[in-house]
Amino acid sequence: MVALTFPDGARREYPPHTTGFDIAKGISPSLAKRTVAMALDGMLADLNDPIERDAKIEFLTRDDPRALELIRHDAAHVLAEAVQTLWPGTQVTIGPVIDNGFYYDFFRNEPFTTEDFGAIEKKMREIIARDRPFTKEVWSRDQAKKVFRDKGEAFKVELVDAIPEDQQIKIYKQGDWFDLCRGPHMTSTGKVGNAFKLMKTAGAYWRGDSSREMLSRIYGTAFAKQDELDAYLKQIEEAEKRDHRKLGREMDLFHFQEEAPGSVFWHPKGWTLFQTLENYIRRRQQAAGYAEVNAPQLIDSSLWVASGHMATFRDVMFLIEPKEEDERTYVVKPMNCPGHVQIFKNGLKSYRDLPLKIAEFGKVHRNEPSGSLHGLLRVRAFTQDDAHIFITERQIAEEVLKVNDLILSIYADFGFDDVHIKFSDRPDKRIGDDAVWDKAEAALMAALQTSGRPWTLNKGEGAFYGPKLEYVLRDAIGRDWQCGTVQVDLNMPGRLGAFYIDEHSNKVTPVMLHRAMFGSLERFIGNLIEHYAGHLPLWLSPLQAVVATITSDADDYAREVIAAARRTELRVEGDLRNEKINYKVREHSLAKVPVLLVVGKKEAAEHTVSIRRLGSERQQTMPLDAALDALSQEAVPPDVARMKKAA
RNA sequence: GCUGCCGUAGCUCAGUGGUAGAGCACCCCCUUGGUAAGGGGGAGGUCGUCAGUUCAAUCCUGACCGGCAGCACCA
């Protein structure tokens with residue numbers, strides 16, 4: 001007998017091989033009807049699976065949050081059947097559930113377009129209405145391969161071969177159609193319901209390998225209920241309004257143009273924001289003992305050969321080819337590290353100098369693949385808040401931890417509380433011995449564990465010279481972008497001939513930490529704009545307030561207000577145009593100006609201002625001095641405010 | 001880089017095998033109006049670039065450039 005524990009704590013015994021459906025039916029026919037799947041010890045399973053072991057059992061209805069992935073996975077199968085019905089000869093590959101939906105990859109000479117969606121969705125609704133049960137069969141490898149080979153499903157044959165020997169080959173049928181699948185599924189296609197939608201098509205490489213076939217991917221989403229689907233679609237619409245490329249234009253921060261793809265034209269306001277952030281980092285790192293330097297933009301290619309960058313990244317580096325035979329080949333720097341190593345090497349260093357922290361706002365250029373460019377988030381010319389920390393091996397853990405703390409405290413100042421940390425270990429393409437990598441990874445891991453923050457493993461994604469921690473921010477529509485990073489490098493200092501003299505007068509190769517906090521100023525600004533949906537806090541706003549007049553009678557007073565505000569170092573402009581106040585309010589609100597100081601006859605007479613904050617429809621009238629005091633205090637950067645408080 | 005889609009005024013977009021339109025923005029005039037668009041007038045485009053087809057191309061075809069989505073890449 002197997003003993004099953006129910007959610008209410010009841011414990012009952014059943015003969016082995018009893019299915020979940022039998023048990024549900026035994027409890028009540030209506031429960032059996034409502035149930036779409038079960039969970040055994042928390043693991044989702046087919047309701048018709050025979051139960052072989054003692055377990056906690058739960059019956060899932062369609063509305064259970066855990067059933068959502070089943071709805072989506074089943075929808076992917078329904079999608080695949082619909083496509084193969086409409087376009088026989090199309091090969092199926094895989095169709096997993098992802099965040100917010102599912103996709104299915106097909107192989108077909110003619111890729112799908114959104115124009116096909118109407119027909120596909122219609123066919124899907126037919127299949128769902130047919131409500132055929134999902135049934136599972138376990139096949140032998142040879143049988144599965146033969147069946148798929150005979151059907152012309154070459155990709156499925158490859159998948160069968162890829163399934164580990166100790167795992168079963170499971171086939172799920174839904175009427176006549178079937179698919180190789182690890183499951184589980186709900187009880188029938190009808191359970192998918194009609195709250196689904198195909199979203200977009202895209203190309204995707206078979207098995208994520210750019211040397212393999214390009215498949216045609218159809219993305220879709222599905223929910224238990226229509227109103228949830230509607231809410232999701234609405235949310236996407238809202239998220240798109242936060243797109244930094246759109247806001248960047250509306251706020252007049254920057255633009256891009258054809259002649260310089262992937263490079264930013266910063267406008268006055270955008271550049272003010274850029275400098276505000278640069279100054280913030282400058283203060284933070286000076287306080288943490290970094291010295292700022294500046295290294296050449298163009299360096300002879302020999303240095304990049306020595307560093308190993310040429311071998312790994314030549315095709316994405318900008319090279320300046322010699323015009324004459326005897327001239328050098330220069331490289332537009334794609335990284336700051338070799339430059340910083342030269343500064344370290346210039347002059348003999350003692351162990352007493354360590355840790356030595358060299359920082360630079362280094363503008364680097366990388367010829368990124370055209371398809372990867374994305375607004376400010378992925379550019380070809382960007383500014384790293386880069387630093388290299390030269391240390392002894394024994395200082396690794398302590399210094400990594402300091403960097404980690406510094407980065408997290410910086411992100412908190414911008415309201416990024418849920419930063420993802422990823423640990424990326426050795427990649428296939430790398431320099432240095434495995435023993436050295438063992439050491440570097442262990443040191444990084446030790447620091448990570450000491451910090452106690454949650455993290456995930458990014459297998460094989462480290463830099464070619466060392467493992468790294470990545471600090472990842474998420475954009476408005478859920479895409480992840482690496483921003484901060486700290487990397488342990490036991491390779492490059494040795495390759496570039498850096499050493500220090502230890503207490504026994506021996507030459508020793510230092511360990512180098514690479515670290516960036518924003519990562520790229522450009523990318524960080526992009527994330528920042530989306531994070532705040534353009535509503536930047538006062539200290540970051542490039543234009544903090546606009547003084548707007550109601551009639552020209554107030555012009556003189558408005559000029560007085562502007563001058564007084566500028567004396568408190570607020571970034572203020574005046575709007576004395578012959579326009580109605582409604583018009584001015586609308587315009588500056590759309591431009592996301594955080595504070596409007598409205599002045600008319602009344603304010604001029606009383607020496608006050610009427611304050612309207614972005615996002616609020618209310619105003620508050622205050623004496624001018626008090627208003628400017630409050631605003632200039634609010635405009636103090638958070639780190640400066642902390643220092644003042646501590647003093 | 002790959003697959004698909006897209007490229008008309010500063011922005012958002014309409015349109016046609018016979019060399020182009022709207023709204024907003026811009027300039028001028030009227031209006032001095034209390035918190036998200038007052039009214040009138042004007043200027044502005046070699047329809048992404050280069051070839052080809054055609055009597056004729058912004059429109060059809062091709063290549064290239066750029067953008068968007070996804071994939072691949074990301075020191």
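Quantities reported herein were computed from a predicted structural model and do not represent experimental measurements. In what follows, every chain begins at residue 1, and chains take the letters A, B, ... in the order their sequences are listed. The analysis underlying the following values was restricted to heavy atoms, covering all of them including side chains, and did not include hydrogens, waters or symmetry mates.
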Classify the nucleic acid contact of [X] as base, sugar-phosphate or nothing, counting any heavy atom under 4.0 Å across all strands shown.
X: Thr312(A); result: nothing
X: Lys429(A); result: nothing
X: Val316(A); result: base
X: Lys601(A); result: base
X: Gly208(A); result: sugar-phosphate
X: Pro261(A); result: sugar-phosphate
X: Tyr103(A); result: nothing
X: Glu110(A); result: nothing
X: Thr551(A); result: base
X: Leu596(A); result: nothing

Sidechain N-carboxylate O distance under 4.0 Å for [X], [Y]:
X: Lys601(A); Y: Glu606(A); result: no
X: Arg426(A); Y: Asp434(A); result: yes
X: Lys459(A); Y: Glu461(A); result: no

Between [X] and [N], is there a side-chain N or O to OP1/OP2 distance below 4.0 Å?
X: Arg245(A); N: C68(B); result: yes
X: His374(A); N: G70(B); result: no
X: Lys468(A); N: A75(B); result: yes
X: Arg249(A); N: U12(B); result: yes

Within residues 475-498 of chain A, residues whose heavy atoms come under 4.0 Å of RNA chain B: Arg479(A), Gln487(A)
Please evaluate the base of [N] for a donor-acceptor partner in the side chain of [X] within a cut-off of under 3.5 Å?
X: Glu368(A); N: G1(B); value: no
X: Ser552(A); N: U32(B); value: yes
X: Tyr205(A); N: G70(B); value: no
X: Arg430(A); N: A75(B); value: no
X: Arg207(A); N: C71(B); value: no
X: Arg217(A); N: C71(B); value: no

Whole-Å distance between [N] [atom2] and [X] [atom1]?
X: Ile218(A); N: A69(B); atom1: CD1; atom2: C1'; answer: 15 Å
X: Ile581(A); N: A37(B); atom1: CD1; atom2: P; answer: 12 Å
X: Asp575(A); N: G34(B); atom1: CG; atom2: P; answer: 16 Å
X: Glu250(A); N: G10(B); atom1: CD; atom2: C1'; answer: 14 Å
X: Lys246(A); N: U12(B); atom1: NZ; atom2: P; answer: 8 Å
X: Lys592(A); N: A36(B); atom1: NZ; atom2: P; answer: 15 Å

With the side chain of [X] defined as its heavy atoms from C-beta on, choose the nearest nucleotide among [options].
X: Arg366(A); options: A75(B), G33(B), A37(B); answer: A75(B)
X: Val585(A); options: C73(B), C71(B), U35(B); answer: U35(B)
X: Ala202(A); options: C73(B), A36(B), G70(B); answer: G70(B)
X: Met214(A); options: G67(B), C2(B), U35(B); answer: C2(B)

For RNA chain B, stems built from three or more consecutive Watson-Crick or G-U wobble pairs below 3.5 Å: B:1-7 with B:65-71, B:10-13 with B:21-24, B:26-30 with B:38-42, B:48-52 with B:60-64
Rounded distance in Å between the [atom1] positions of [N] and [M]:
N: A69(B); M: G17(B); atom1: P; answer: 32 Å
N: C74(B); M: G4(B); atom1: P; answer: 24 Å
N: A9(B); M: G45(B); atom1: C1'; answer: 5 Å
N: C13(B); M: C47(B); atom1: C1'; answer: 13 Å
N: U16(B); M: A43(B); atom1: C1'; answer: 25 Å

Return the orientation label for the [X] and [Y] ring planes: parallel under 30°, perpendicular over 60°, tilted otherwise.
X: Phe107(A); Y: Phe155(A); answer: tilted
X: His340(A); Y: His388(A); answer: perpendicular
X: Phe256(A); Y: Phe254(A); answer: perpendicular
X: Tyr465(A); Y: His514(A); answer: parallel

Atom [atom1] in [X], atom [atom2] in [Y]: separation rounded to 0.5 Å?
X: Asn491(A); Y: Met512(A); atom1: CG; atom2: CE; value: 9.5 Å
X: Asp385(A); Y: Asn336(A); atom1: CG; atom2: CG; value: 10.0 Å
X: Phe518(A); Y: Ile525(A); atom1: CZ; atom2: CD1; value: 8.0 Å
X: Glu158(A); Y: Trp206(A); atom1: CD; atom2: CH2; value: 5.5 Å

Which residues share a side-chain contact (heavy atoms from CB on, under 4.5 Å) with Gln235(A), sequence neighbours left out: Tyr232(A)
side-chain contact (heavy atoms from CB on, under 4.5 Å) partners of Asp433(A), counting only residues at least two apart: Val436(A)
Would [X] count as a cation-pi partner of [Y], with NZ or CZ less than 6.0 Å from the six-membered ring centre and within 45° of the ring normal?
X: Arg108(A); Y: Phe112(A); answer: yes
X: Arg515(A); Y: Tyr290(A); answer: yes
X: Arg72(A); Y: Phe102(A); answer: no

Donor-acceptor contact present, side-chain Thr608(A) to main-chain Ala604(A), <3.5 Å: no
Anything under 3.5 Å between a protein N or O and an N or O of nucleotides 38-40 of chain B, put it in a table, one pair a line.
none

Upstream residue (5' side of RNA chain B) when Ile550(A) and Leu614(A) are each assigned their closest nucleotide: Ile550(A)
Which residue lies more 5' along RNA chain B, comparing Ser370(A) with Met317(A) via nearest heavy atoms: Ser370(A)
Single hit among Arg366(A), Glu368(A), Glu522(A) for side-chain contact (heavy atoms from CB on, under 4.5 Å) with Arg378(A): Glu368(A)
Within the sub-3.5 Å range, which N or O atoms of nucleotides 4-7 of chain B have a protein N or O partner, and how far apart are they?
none

